[in-house]
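Remember, it's a predicted structure, so these values are computed and weren't measured experimentally.
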Amino acid sequence: MPSYRYRDVHRRVKVPAGHRDWPSARITTAPLWVPVDLRDGNQALAEPMDPARKRRFFELLVTMGYKEIEVGYPSASQTDFDFVRLLAECPIAPLDVALVVFTPARRDLIARTVESVRGITNDVIIHLYTATAPVWREVVLGKDRKQLRELIVTGARDVLELAGELPNVRFQFSPEVFNLTEPDFALEICDAVTELWEATPQRPVTLNLPATVEVATPNVYADQIEYMHRNLARRDAVILSVHPHNDRGTGVACAELAVLAGAQRVEGCVFGNGERTGNVDIATLALNLHAQGVDPMIDFSDIDEIRRTVEYCTRLPVHERHPYVGDLVHTAFSGTHQDAIGKGMAEHRERAASLGVHEREAEWRVAYLPIDPTDLGRSYDAVIRVNSQSGKGGIAYLLHTEYGLELPRRLQIDFAQRVQEYTDDTGAEISAEELRALFEQSYTAVERRITLVQWEFVDGTTEIVLGAHGTEHHSTHEASPVDALATALGETADSIEILGLTQHAAADGTAVSYVEYRAGGRTGWAFGLGASPVAASLEAVMNAANAVP
């Protein structure tokens, strides 16, 4: 790996140092989230969204509660221009939603952008951008600092001239690749723009500071944001915004630390779509706040429907392990995890009942599940799934939640060994239905060489009729039906000793019984169902008797 070819960030740009407030700060309220899926995310798609998909995505964002949405790059394509015009001509955008349009600092493209928003009654934000970092200046734009400053100021002046009289229009500026731009130069440009646009608290300017290509650890970005937060002129007239990318896989951390450092607004995509490794993931950011007890101000209560819509519109699948939304993020296969989750879920139900509140209202503290899946519109059905890595706790949990079976602990251990053998042989996950079938196969007798023809219990006396080898055997016992049956079996077949018996009602009201027994020099378990606890227990004993060779 030729690592010597690369320079660390400290050799590429001066990183502000000195006193830092952000390490001791806390996030107590959600920032303003601004989804850029319809512009930045759309540019990152191999097959950009058609008008129908863009409209469906926009309507989803409105339904989720976003109050500022970047809707397109109207000077870049006719599709984007037409979509912005659709918002001007059709009342699909609620009046409390501000619409953002994106433009480079070029007069003809600014004019085209302004033309696209004429007639829109919503608040509109015209977003001007220019790359400012040295490599972009020198290689891409061919300008020095002075020339680039003039280009940006000229573009800002064009925006003011062409749109400054529109009463519902505000302005935004992004020094693209801010994180690789010299801090003093970024500050100089941003102050020049807010001065020209006459930013005020009543008509603030949004300054968006992108980590366009992520190149450093998140603490470096936080230092850069705090430097701007501390030193910007007209700070009370500026909405300080960030736009992290995810090239190092730490875009979420960059955004969270940037908010600690003074950022008030975060641009990203709903599930992090964007160029290269993506933009920052708003779902993860928002639900991280939810998991800390902070209202994210965005509604993810039906996250699977959100995912389906985003996948349809972008034609991109959401990964199974994607935080919060992936199919497997609330699922445990590991035996130790399953045991902890099963115990935690039981404790949660019991605590809610003791407090007299609904389970959805009780404080959540279940191991391995940072939030309650039902907060996101999911059930507990897939919380535990069984494969060769699973243990007795997960197996017992599935049988309990799906079928109401409450296996005694020693039976859990015995059955877990059988499941392990089964999954090792198949190499696959086992479903709850297959688990139930394997359980019945393991603890009920398929062939009945001896049958319980009839039984009756009256005044402490039990009459038993057994069928074996074509002959019926009648006996009477001064004992309970289970003890009487065990005795009768000893008289007609091999002796069977009942070591333990457990009974309960299943989810459907059927009685369930588990019998631990000893026969023929070995111990085992048998299972029975019946209309009553006694009937279920007798069925379990008969299954035990027929399991003995």
Quick one: pull up [atom1] in [X] and [atom2] in [Y] and give me the separation to the nearest 0.5 Å.
X      : Y      : atom1 : atom2 : value
Leu435 : Ile430 : CG    : CD1   : 5.0 Å
Arg234 : Asp191 : CZ    : CG    : 8.0 Å
Glu68  : Trp33  : CD    : CH2   : 13.5 Å
Glu305 : Leu376 : CD    : CG    : 14.0 Å
Phe83  : Lys54  : CZ    : NZ    : 6.0 Å
Arg360 : Thr374 : CZ    : OG1   : 4.0 Å

If you take all heavy atoms of [X] and [Y], which pair is closest and at what distance?
X      : Y      : value
Arg235 : Gly262 : NH2-O, 3.3 Å
Ala88  : Arg118 : CB-O, 4.0 Å
Val238 : Thr194 : CG2-CG2, 4.0 Å
Cys313 : Phe57  : CB-CD1, 3.5 Å
His245 : Arg276 : ND1-NH2, 3.5 Å
Tyr66  : Val97  : O-CG2, 3.7 Å

Can you tell me if [X] uses its side chain to pair, donor with acceptor, with the backbone of [Y] under 3.5 Å?
X      : Y      : result
Gln264 : Leu240 : yes
Asn42  : Met49  : yes
Gln224 : Asn179 : yes
Asp80  : Ser75  : no
Asp184 : Leu187 : no
Arg26  : Ser24  : yes
Glu361 : His358 : no
Asn273 : Ala44  : no
Trp197 : Val159 : no
Gln412 : Leu407 : yes

Dump the intermediate steps for side chain to side chain contact (heavy atoms under 4.5 Å, CB included) on Glu363 and Arg351, then the final yes or no. CA-CA 9 Å; Glu363 179 187 350; Arg351 179 162 38 85; 4.1 Å; yes

Given Tyr221 and Phe178, is the side chain to side chain contact (heavy atoms under 4.5 Å, CB included) satisfied, shown in steps? CA-CA 10 Å; Tyr221 190 50; Phe178 157 81; 4.2 Å; yes

By the definition side chain to side chain contact (heavy atoms under 4.5 Å, CB included), identify the one residue from Val205, Leu128, Val100 that meets it with Gln172. Val100

With a 6.0 Å cut-off (strictly less than), is the heavy-atom count around CD of Glu359, excluding the residue itself, greater than 12? yes

Flag yes if more than 12 heavy atoms outside Glu188 fall under 6.0 Å of its CD atom; otherwise flag no. yes

When you check the side-chain N and O atoms of His243 and Asp40, is any donor under 3.5 Å from an acceptor? yes

For the residue pair Asn219 / Trp22, report whether a side-chain donor-acceptor contact shorter than 3.5 Å exists. no

Pick from Thr284, Asn288, Thr250: which one makes a side chain to side chain donor-acceptor pair (under 3.5 Å) with Glu256? Asn288

Any [X] side-chain heavy atom under 4.5 Å of [Y] side chain:
X      : Y      : result
Leu99  : Phe58  : yes
Leu209 : Pro175 : yes
Leu87  : Ile92  : yes

Can you run down the salt bridge (charged side-chain N to carboxylate O under 4.0 Å, His left out) pairs that involve residues 277-294, sequence neighbours left out, and say none if there aren't any? none

For a salt bridge (Lys or Arg N to Asp or Glu O under 4.0 Å) check, start with the C-alpha distance between Asp82 and Arg85, then their side-chain angles and the critical distance, and finish with the verdict. CA-CA 5 Å; Asp82 290 344; Arg85 292 311 303 155; over 6 Å; no

Could you give all pairs that pass the side-chain hydrogen bond (donor to acceptor under 3.5 Å, both in side chains) test and reach residues 199-209, with sequence neighbours left out? Ser174-Asn208, Asn208-Ser241, Asn208-Glu267

Can you tell whether the side chains of Arg365 and Glu347 come within less than 4.0 Å, N to carboxylate O? yes

In plain terms, say whether Asp304 and Arg378 are close enough for a salt bridge, that is, a side-chain N and a carboxylate O under 4.0 Å apart. yes

Test: Arg112 cationic atom under 6.0 Å from Phe81 six-membered ring centre, within 45° of axis: yes

Give a yes/no verdict on a cation-pi contact between Arg53 and Tyr312, requiring under 6.0 Å between NZ or CZ and the six-membered ring centre and an angle within 45° of the axis. yes

Can you label the angle between the Phe102 ring and the Tyr129 ring as parallel, tilted or perpendicular, going by 30° and 60°? parallel

With under 30° as parallel and over 60° as perpendicular, where do the rings of His337 and Tyr368 fit, or are they tilted in between? parallel

Salt bridge (Lys or Arg N to Asp or Glu O under 4.0 Å), that's the test. Do Asp327 and Arg307 meet it? Break it down for me. CA-CA 10 Å; Asp327 284 337; Arg307 185 198 67 217; 2.9 Å; yes

Stepwise salt bridge (Lys or Arg N to Asp or Glu O under 4.0 Å) test for Asp21 and Arg230: CA-CA 10 Å; Asp21 287 330; Arg230 286 175 175 274; 2.8 Å; yes

